[in-house]
Student: 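Pasting a structure here, questions to come.
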Amino acid sequence: MQEPTARRILIADDQEVIRTLVARVLRRAGFQPFEATDGEDAITQLEAERFDAVVLDLMMPRVDGFGVIEHLIRSQPQMVEKTIVMTAFPQTAAKGRLNHVCAVLAKPFEVTELIRHVQECASR
């Protein structure tokens, strides 16, 4: 019998320390993390690969998280409901532009909360 494949999670954050931390946490929780350095890199990977969920920072250079979400709405609308937004400004994020994302996590976030949301969103 074949082993089940780990769920593939794309982590998009321009801060390397946060990306590395999230990837490490998700790997330990049994996920297969992939990293994107900004929104443009995330879009490139989303066009080339299949992911079970996306962990997305809002404030990034070149293309921000809102731009990634707009891209998903146009090209992979089912992935919007599998997207977890991380932001230091959750009150800004809540102003209607993120209605259909799976979850919004305030930075700094609790590791257990991150894992719970990724499990939930990847299962949709």
Side-chain angles (χ1 to χ4, degrees):
M1 188 167 176
Q2 188 176 359
E3 290 281 320
T5 314
R7 299 215 172 176
R8 299 166 48 92
I9 312 299
L10 180 62
I11 304 156
D13 197 307
D14 61 312
Q15 293 183 306
E16 183 178 6
V17 67
I18 293 177
R19 246 189 0 262
T20 303
L21 170 68
V22 172
R24 184 175 300 136
V25 164
L26 293 181
R27 192 173 294 108
R28 286 182 180 160
F31 296 99
Q32 185 178 7
F34 295 82
E35 298 180 36
T37 57
D38 60 28
E40 189 172 303
D41 186 18
I43 289 170
T44 299
Q45 291 190 51
L46 285 161
E47 289 176 346
E49 302 283 336
R50 185 194 64 76
F51 296 98
D52 296 295
V54 178
V55 177
L56 179 66
D57 184 28
L58 279 185
M59 300 298 147
M60 296 183 288
R62 298 197 299 172
V63 177
D64 65 12
F66 292 114
V68 174
I69 291 169
E70 289 168 9
H71 173 80
L72 288 174
I73 289 168
R74 289 190 306 273
S75 65
Q76 300 176 50
Q78 74 284 0
M79 285 304 297
V80 176
E81 293 180 353
K82 294 173 167 269
T83 299
I84 299 141
V85 170
M86 299 184 302
T87 179
F89 307 101
Q91 60 278 24
T92 302
K95 291 189 176 173
R97 293 180 70 186
L98 301 175
N99 289 340
H100 300 291
V101 299
C102 183
V104 176
L105 285 178
K107 288 181 178 178
F109 52 84
E110 293 289 327
V111 170
T112 55
E113 185 179 15
L114 170 69
I115 293 168
R116 181 176 55 81
H117 283 303
V118 171
Q119 288 170 334
E120 174 190 318
C121 298
S123 296
R124 287 184 170 195

Student: Check the pair Met86, Val22 against side-chain contact (heavy atoms from CB on, under 4.5 Å), reporting the backbone distance first and the verdict last.
Tutor: CA-CA 11 Å; Met86 299 184 302; Val22 172; 4.2 Å; yes
Student: If we ignore hydrogens and angles and just use 3.5 Å, is the side chain of Asp41 paired with the main-chain N or O of Thr37 as donor and acceptor?
Tutor: yes
Student: What are the two closest heavy atoms between Leu10 and Ala36, and how far apart are they?
Tutor: CD1-CB, 4.1 Å
Student: Would you give the length of the straight line joining atom CG of Leu21 to atom CD of Glu16, rounded to the nearest 0.5 angstrom?
Tutor: 12.0 Å
Student: Keeping Gln119 on the side-chain end and Ala29 on the backbone end, is there a donor-acceptor pair under 3.5 Å?
Tutor: no
Student: Among all residues two or more places apart in sequence or in another chain, which pass the side chain to side chain contact (heavy atoms under 4.5 Å, CB included) test with Ser123?
Tutor: Arg7
Student: Taking only residues two or more places apart in sequence, or in another chain, which ones meet Arg62 in a salt bridge (Lys or Arg N to Asp or Glu O under 4.0 Å)?
Tutor: Asp38, Glu40
Student: So, applying side-chain contact (heavy atoms from CB on, under 4.5 Å) with Ile18, which one of Asp13, Val55, Asp57 is it?
Tutor: Asp13
Student: Can you check whether Glu81's main-chain N or O pairs, donor with acceptor, with Arg124's side chain at less than 3.5 Å?
Tutor: yes
Student: Can you tell me how far the CG atom of Leu56 sits from the NZ atom of Lys82, to the nearest 0.5 Å?
Tutor: 15.5 Å
Student: Are any of the side-chain heavy atoms of Met59 and Lys107 separated by less than 4.5 Å?
Tutor: no
Student: Taking side chain as C-beta onward, heavy atoms only, is Val118 less than 4.5 Å from Phe31?
Tutor: yes
Student: The test is side-chain contact (heavy atoms from CB on, under 4.5 Å); show your working for Glu113 and Leu105 and say whether it passes.
Tutor: CA-CA 8 Å; Glu113 185 179 15; Leu105 285 178; 3.4 Å; yes
Student: Going through the distances and angles, do Leu58 and Val85 end up as a side-chain contact (heavy atoms from CB on, under 4.5 Å)?
Tutor: CA-CA 7 Å; Leu58 279 185; Val85 170; 3.4 Å; yes
Student: Please report the closest heavy-atom contact between Asp64 and Gly67, naming both atoms and the distance.
Tutor: OD1-N, 2.8 Å
Student: Would you list the atom pairs, donor with acceptor, under 3.5 Å between side chains in residues 46-53 and any protein atom, with sequence neighbours excluded?
Tutor:
{"residue": "Glu49", "atom": "OE1", "partner": "Arg8", "partner atom": "NH2", "Å": "2.9"}
{"residue": "Arg50", "atom": "NH1", "partner": "Asp52", "partner atom": "OD1", "Å": "2.8"}
{"residue": "Asp52", "atom": "OD2", "partner": "Arg8", "partner atom": "N", "Å": "2.7"}

Student: Do other residues, nucleotides or ligands put more than 12 heavy atoms under 6.0 Å from the CD atom of Gln78?
Tutor: yes
Student: Find out whether Cys102 and His117 are in side-chain contact, i.e. whether some heavy atom of one side chain is under 4.5 Å from a heavy atom of the other.
Tutor: no
Student: Answer yes or no: are there more than 12 heavy-atom neighbours, outside Arg24 itself, under 6.0 Å from its atom CZ?
Tutor: no
Student: Evaluate side-chain contact (heavy atoms from CB on, under 4.5 Å) for Ile84 paired with Val54, printing each intermediate quantity in order.
Tutor: CA-CA 6 Å; Ile84 299 141; Val54 178; over 6 Å; no
